[in-house]
Number of protein chains: 2
Amino acid sequence: MAETRSRSNRHAGLEAGGILDRAIALARDEGADALTMRRLAAELGVATTSIYWHVGNREQLLTAMVQRHGERLAETPITGDTARERVLAVARLIWEGALADREITRLASSHGLSSLHAQHLELAMARELQEAGVVGESARDALRAITACVGGFIVAALLDDALPTDHRRTSVLAHLEDPGLDPTTRSALATSSHLPSLFDTTLQAVVDSLVPADLSANAYL
Amino acid sequence: MAETRSRSNRHAGLEAGGILDRAIALARDEGADALTMRRLAAELGVATTSIYWHVGNREQLLTAMVQRHGERLAETPITGDTARERVLAVARLIWEGALADREITRLASSHGLSSLHAQHLELAMARELQEAGVVGESARDALRAITACVGGFIVAALLDDALPTDHRRTSVLAHLEDPGLDPTTRSALATSSHLPSLFDTTLQAVVDSLVPADLSANAYL
DNA sequence: ACGAAGTCTGTGACGCTGTCCAAGAGAGCA
DNA sequence: TGCTCTCTTGGACAGCGTCACAGACTTCGT
């Protein structure tokens with residue numbers, strides 16, 4: 001009965017996995033800023049140093065959190081008739097997964113861990129690219145280009161709901177005087193785009209430019 | 001002789017502009033992390049509180065820095081035969097300007113000030129879009145999509161040279177096992193793409209999908 | 001010429017952060 | 001019982017942004 005949970009509950013039953021889950025929950029529920037070592041320790045009813053013992057310092061904590069969270073993102077099945085469509089579908093999965101838990105994404109993005117966060121989905125995209133006939137350096141470059149654009153849209157979406165109103169891009173651009181600019185455009189710039197649909201059309205174009213059209217499904221092999 | 005420099009050198013000849021320039025230089029020369037209030041004050045030979053007096057708190061300092069730096073970015077003339085080409089040229093200007101002073105870009109990007117940083121160039125892009133016949137909400141959406149992709153590439157480039165080797169994306173992806181993946185692709189994933197050329201081809205595709213081809217230069221008007 | 005008003009500067013503190021040393025408590029084994 | 005290994009803790013350290021307060025200097029009104 002005391003043997004079952006491995007050998008790690010010597011004192012307080014604290015283990016790395018539980019710390020990570022609690023950290024993820026804390027960031028998701030109360031924002032990325034709420035995730036401090038002390039706050040997380042308090043949440044666990046433990047001294048700060050215990051986190052260091054089990055997980056390591058803050059950077060290691062964030063890395064492990066993002067990795068763990070990223071594994072869950074890759075569980076959704078990929079749908080689509082052609083490989084080309086499935087490439088786009090994976091892009092959409094990255095996008096949706098990132099926005100579903102924005103605070104984790106924010107944490108990952110501000111610490112250069114986005115690649116780690118989406119690594120499994122990127123691998124899935126590499127597989128779909130291969131099935132579409134894109135391999136080797138072309139696959140590497142296609143993957144890079146697509147994920148760069150996806151990442152850009154994610155950052156844009158994160159900024160849209162976290163920025164103080166006075167330097168959102170809508171206000172920034174609208175407050176810039178330009179006599180030559182069409183008044184229709186000018187007033188449109190003060191409103192915000194519908195990012196999900198913009199994401200779809202833009203990434204469609206990017207994927208189409210990088211992945212050849214379906215040559216009855218056997219261009220390579 | 002003492003009247004010439006306006007009326008602002010009451011005590012130490014300190015003024016907002018000088019503080020901002022020094023802050024920009026400090027960030028550029030010694031990295032974004034070196035820019036602390038105390039460090040900047042020491043650099044200026046002044047107490048920290050003086051910065052608060054002239055510029056404001058850290059967020060206001062960063063905002064003013066980014067704004068000032070962004071104005072200089074917009075001084076480069078825009079070249080290109082068709083309006084469509086000039087849209088791409090502006091995108092390239094944003095990209096190159098951002099990478100020329102990476103530390104400032106890093107500062108802007110990590111504080112949600114990227115729109116502010118590139119605001120003048122974005123306005124220039126709006127003008128070129130208008131000349132290409134894209135106005136109103138279409139212009140707003142095109143601008144948004146293009147800048148999102150540009151931003152994504154910029155973030156990707158910043159990460160490439162600032163990340164510890166062990167969780168760069170090349171290592172991250174290469175260390176992921178997948179039996180079904182083509183060995184050529186697998187080894188290519190361990191190398192890094194040439195971002196500048198990838199940027200060009202990708203943004204070419206994005207712009208082409210959003211901006212109609214040149215209808216002998218007078219589609220609108 | 002003298003004092004009041006306004007403008008700028010410096011001192012020093014507050015609460016917060018990540019980090020870690022050194023000491024202790026508990027379990028298992030001899 | 002005592003030794004060892006694993007885990008937990010308290011408390012400190014240096015650094016950060018921020019600001020209340022008091023002092024110094026200039027300018028102006030009288």
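Proteins come first, then strands; the chains are lettered A, B, ... in the order of their sequence lines, and each starts at number 1.
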From [options], nucleotide with atom closest to [X] side chain:
| X | options | answer |
| --- | --- | --- |
| Thr49(B) | dG11(D), dA20(D), dT18(D) | dA20(D) |
| Trp53(A) | dT18(D), dG10(C), dT8(D) | dT8(D) |
| Val46(B) | dC8(C), dG10(C), dG11(D) | dG10(C) |

Quiz item: Is it the case that Arg140(B) and Thr191(A) place a side-chain donor and acceptor less than 3.5 Å from each other?
Solution: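 The criterion, which ignores hydrogens and geometry beyond distance, is satisfied for Thr191(A) and Arg140(B).
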
Quiz item: Under 3.5 Å, is there a donor-acceptor pair linking the side chains of His117(B) and Ser114(B)?
Solution: no

Quiz prompt | Heavy-atom neighbours of Gln67(B) CD exceed 12 at 6.0 Å | solution =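 Yes, because the 6.0 Å sphere around CD of Gln67(B) holds more than 12 heavy atoms from other groups.
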
Self-check item: Flag if over 12 foreign heavy atoms under 6.0 Å of CG, Asp21(B)
Solution: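 Yes.
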
Quiz item: Which residue lies toward the 5' end of DNA chain D, Arg38(A) or Ser50(A), if each is placed at its nearest nucleotide?
Solution: Ser50(A)

Roughly how many Å is it from [atom1] in [X] to [atom2] in [N], rounded to a whole number?
| X | N | atom1 | atom2 | value |
| --- | --- | --- | --- | --- |
| Arg58(B) | dC19(D) | CZ | P | 14 Å |
| Ile51(A) | dT17(C) | CD1 | P | 12 Å |
| Asp33(B) | dC16(D) | CG | C1' | 12 Å |
| Met37(B) | dA14(D) | CE | C1' | 19 Å |
| Leu61(A) | dT17(C) | CG | P | 14 Å |
| Leu35(A) | dC16(C) | CG | P | 17 Å |
| Leu14(A) | dG26(C) | CG | P | 16 Å |
| Leu40(B) | dG15(D) | CG | P | 17 Å |

Quiz item: Which comes earlier along DNA chain C counting from the 5' end, the contact point of Ala47(B) or that of Thr36(A), where each point is its nearest nucleotide?
Solution: Ala47(B)

Quiz item: Quick one: is His54(B) getting a side-chain N or O under 4.0 Å of the dT9(C) phosphate, OP1 or OP2?
Solution: yes

Quiz item: Does OP1 or OP2 of dT18(D) have a side-chain N or O of Tyr52(B) closer than 4.0 Å?
Solution: yes

Exercise. With the side chain counted from C-beta on, respond yes when His120(A) and Leu73(A) share a heavy-atom pair under 4.5 Å apart, and no when they do not.
Key: no

